[in-house]
Amino acid sequence: MKALELNKKLNLRNDGKLEIIFIGSGTAFSKVLHNNNIIIIKGDKHILVDFGLSGPMGLKANTGLDLHDIETVLPTHSHSDHIGGLELLTLTNRYIGLAAGKPKLELIITKEYQNLLWDQSLRGGLAFNEINEKSEYLSFNDYYNVISPVQFQEKGYNRHSLKYGDINLEFFRTNHVPDSAKNSDEAFISYGLMIDDKVLFSGDTKFDLNLVKHYGKKAEIIFHDCSFKPNPVHASLEELKSLDSQYRDKMMLMHYSDDYEHYDVSDFKGLVKEGILYQFD
Ligand SMILES: [Zn+2]
């Protein structure tokens with residue numbers, strides 16, 4: 001993996017190499033770092049994974065891109081640091097993008113999450129802006145071209161896969177919230193991703209040794225959620241330090257707090273950095 005400084009506006013198309021950039025590496029509470037959201041780029045496709053409250057600022061500051069440049073978005077779960085900017089992105093696409101001849105925003109979302117996201121989070125801000133041609137308030141399909149990953153079973157786990165252009169994604173459920181949930185099936189929907197079979201992106205998750213073992217062995221790089229202090233819904237630094245070096249040596253910590261300079265992360269490959277373009281062969 002190469003880590004490249006970006007000295008111009010991010011190009012959302014490339015020659016076919018997998019590229020990942022963090023438009024933010026912070027937590028939900030960060031005021032300096034932006035929310036931990038990424039863009040995956042490969043060939044002529046890109047996917048914005050999560051767009052939190054500070055996502056619009058992180059996007060501009062770290063890539064030079066504007067909201068109307070984004071064509072595809074994938075929300076992992078409903079916390080505001082992951083979807084707090086999604087309403088704005090969606091409205092920008094409909095009222096600025098479409099008028100400029102752009103297509104509808106592509107939304108990559110599983111069937112099990114789609115209605116939850118709409119009914120519990122987005123509907124209040126998006127439904128009532130217009131009456132559509134069916135004389136109804138706006139719905140999911142008025143705003144988005146929905147792309148649904150395919151569900152499959154693996155060793156009793158419900159997973160999803162998607163080939164989007166040349167980008168291969170595997171979705172796994174994580175055990176993030178509530179604090180009392182004992183496994184990912186009990187937890188509210190939250191996803192992590194295996195990207196192109198080489199990058200493990202943990203999403204938001206408690207420490208989950210089985211998860212790290214299952215995907216981490218074959219991963220070239222592991223981007224892992226990290227709370228520097230003990231945390232009931234995120235993996236802590238101490239917990240991650242308990243991992244075998246075969247995982248820690250390729251683990252870059254993400255979703256960390258603004259006071260990161262006060263913590264020793266020398267047991268890991270490092271901290272991800274906002275605005276750096278990570279390029280894979
Ligand atoms: Zn979360």
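Along the sequence shown, residues carry numbers from 1. Every number for a ligand or one of its atoms is a count from 1 in the order of the listing. We use all heavy atoms of the structure for the numbers below, so side chains are in, but hydrogens, waters and symmetry mates are not.
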Colleague: Under 6.0 Å between ring centres: does that hold for Y215 and F172?
Modeller: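 They qualify: ring centres under 6.0 Å apart.
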
Colleague: Is it the case that K45 places NZ or CZ above or below the six-membered ring of Y164, under 6.0 angstrom from the centre and within 45 degrees of the axis?
Modeller: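 Flagged: K45 positioned over aromatic ring of Y164.
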
Colleague: Who passes salt bridge (Lys or Arg N to Asp or Glu O under 4.0 Å) against E220, sequence neighbours left out?
Modeller: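 Salt bridge (Lys or Arg N to Asp or Glu O under 4.0 Å) list for E220, sorted by chain: empty.
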
Colleague: Under a 3.5 Å cutoff, is there a donor and acceptor pairing between the side chains of N35 and S54?
Modeller: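 Yes, side-chain donor-acceptor contact under 3.5 Å.
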
Colleague: Everything protein-side that's N, O or S and under 2.8 Å from the Zn ion (ligand 1): list it, residue and atom.
Modeller: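 For the Zn ion (ligand 1), the protein N, O and S atoms that sit under 2.8 Å away are H77 NE2, H79 ND1, H176 NE2, D204 OD2.
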
Colleague: Quick one: does NZ or CZ of R159 land under 6.0 Å from the six-membered ring centre of F152, within 45 degrees of the ring axis?
Modeller: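 So R159 doesn't make the cation-pi contact.
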
Colleague: So does T76 get a backbone contact from the side chain of D50, meaning a donor-acceptor N/O pair under 3.5 Å?
Modeller: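 Yes: the side chain of D50 pairs with the backbone of T76.
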
